[in-house]
Asker: 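Before I ask anything, let me first share the structure, which is written out below as structure tokens.
Nothing here was measured: the structure is a model prediction, and the numbers come from that model.
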Amino acid sequence: MNILFLCTGNSCRSILAEATFNHLAPASWRAMSAGSQPTGQVHPRSLALLAREGIATEGCSSKSWDNLPATPDIVITVCASAAGETCPAYLGPVLRSHWGVDDPAHATGTDAEIDAAFMVAYRILRARIEAFLALPLAELQQDPARLKAELDRVGQLLP
């Protein structure tokens with residue numbers, strides 16, 4: 001199964017989700033990330049946070065959804081639509097879910113406060129990814145409606 005974590009810029013949240021998912025997931029599940037309007041670079045604080053957490057960052061890049069290496073089976077948007085951010089709408093025939101997370105790239109304040117915003121986004125995404133991976137995935141793959149319901153439920157979890 002291929003999962004696409006999608007946001008607008010593909011520099012923070014979707015990158016954190018992709019790298020974390022691939023670090024934790026079984027080999028038969030792979031994540032990728034993309035943006036509808038990619039910034040062209042991964043935010044340095046995202047890379048630093050992943051490195052501190054012991055998660056590989058090789059291959060992390062900000063890329064467009066027009067250049068995906070595989071066709072996704074599941075698309076998870078991570079934009080914060082509650083904050084007025086427009087979520088991109090992936091048009092392929094896939095199962096979709098929304099896991100809204102505030103964009104740490106917009107955090108302001110001291111270095112410590114900005115780093116804290118990145119850590120909050122990471123912790124939310126990691127908690128959701130861990131909850132998703134704890135589900136009976138082989139069973140859920142056979143029941144798309146139940147898989148969608150579980151993805152939506154997981155998208156509401158907070159650490």
Asker: Is there a side-chain contact between Val75 and Leu95 (heavy atoms, below 4.5 Å)?
Answerer: no
Asker: Taking the side chain from Lys148 and the backbone from Arg146, do they hold a donor-acceptor pair closer than 3.5 Å?
Answerer: no
Asker: What do the steps show when you test Ser62 against Ile15 for side-chain contact (heavy atoms from CB on, under 4.5 Å), and what is the final call?
Answerer: CA-CA 8 Å; Ser62 176; Ile15 295 286; 5.5 Å; no
Asker: Would you indicate whether the side-chain heavy atoms of Ile114 and Pro104 approach each other to under 4.5 Å?
Answerer: no
Asker: Just grab all the ring pair (Phe, Tyr, Trp, His ring centres under 6.0 Å) pairs involving residues 133-159, residues at least two apart or on different chains.
Answerer: none
Asker: Could you check Arg126 against Leu24 for side-chain contact (heavy atoms from CB on, under 4.5 Å), going step by step and ending with a plain yes or no?
Answerer: CA-CA 9 Å; Arg126 183 166 180 133; Leu24 298 172; 3.5 Å; yes
Asker: Testing the basics here: between Ala131 and Leu157, what is the closest heavy-atom pair and its distance to 0.1 Å?
Answerer: CB-CD1, 3.4 Å
Asker: Angle between ring planes, Phe132 versus Trp99, binned at 30° and 60°: parallel, tilted or perpendicular?
Answerer: perpendicular
Asker: As a test of understanding, state which of Arg13, Arg123, His43 forms a side chain to side chain contact (heavy atoms under 4.5 Å, CB included) with Phe118.
Answerer: His43
Asker: Spell out, as yes or no, whether a donor-acceptor pair under 3.5 Å connects the side chain of Thr110 to the backbone of Glu113.
Answerer: yes
Asker: Taking the side chain from Asn22 and the backbone from Ala31, do they hold a donor-acceptor pair closer than 3.5 Å?
Answerer: yes
Asker: Say whether, by atom type as modelled, one donor and one acceptor occur between the side chain of Lys63 and the main chain of Ser33 under 3.5 angstrom.
Answerer: yes
Asker: Under a 3.5 Å threshold, yes or no: a donor from one side chain and an acceptor from the other, between Thr77 and His98?
Answerer: yes
Asker: Starting from the C-alpha separation in whole Å, work towards a yes-or-no answer on side-chain contact (heavy atoms from CB on, under 4.5 Å) for Arg128 and Val101.
Answerer: CA-CA 11 Å; Arg128 291 174 181 173; Val101 178; 3.7 Å; yes
Asker: Inspect the contact between Arg45 and Asp111 and indicate whether a charged nitrogen and a carboxylate oxygen are less than 4.0 angstrom apart.
Answerer: yes
Asker: Ignoring hydrogens and angles, tell me if any N or O in the side chain of Thr39 forms a donor-acceptor pair with the backbone of Gln41 under 3.5 Å.
Answerer: yes
Asker: Using a 3.5 Å distance criterion without hydrogens, assess whether the side chain of Ser11 forms a donor-acceptor pair with backbone atoms of Val42.
Answerer: no
Asker: For Asn10 and Pro38, indicate whether the former's side chain and the latter's backbone hold a donor-acceptor pair under 3.5 Å.
Answerer: no
Asker: Answer yes or no: is there a donor N or O on one side and an acceptor on the other, between the side chain of Thr20 and the main chain of Leu16, under 3.5 Å?
Answerer: yes
Asker: Out of curiosity, Cys79 SG to Asp102 CG, how far, rounded to the nearest 0.5 Å?
Answerer: 11.0 Å
Asker: Side-chain contact test, heavy atoms from C-beta onward, threshold under 4.5 Å: evaluate it for Met32 versus Ile3 and give yes or no.
Answerer: no
Asker: Please determine whether a side-chain nitrogen of the Lys or Arg among Glu18 and Arg30 lies less than 4.0 Å from a carboxylate oxygen of the Asp or Glu.
Answerer: no
Asker: Show the numbers, then the answer: is there a side-chain contact (heavy atoms from CB on, under 4.5 Å) between Ile74 and Val94?
Answerer: CA-CA 6 Å; Ile74 298 170; Val94 298; over 6 Å; no
Asker: If you count the non-hydrogen atoms of other residues, nucleotides and ligands that lie under 6.0 Å from CD in Glu53, is the total more than 12?
Answerer: yes
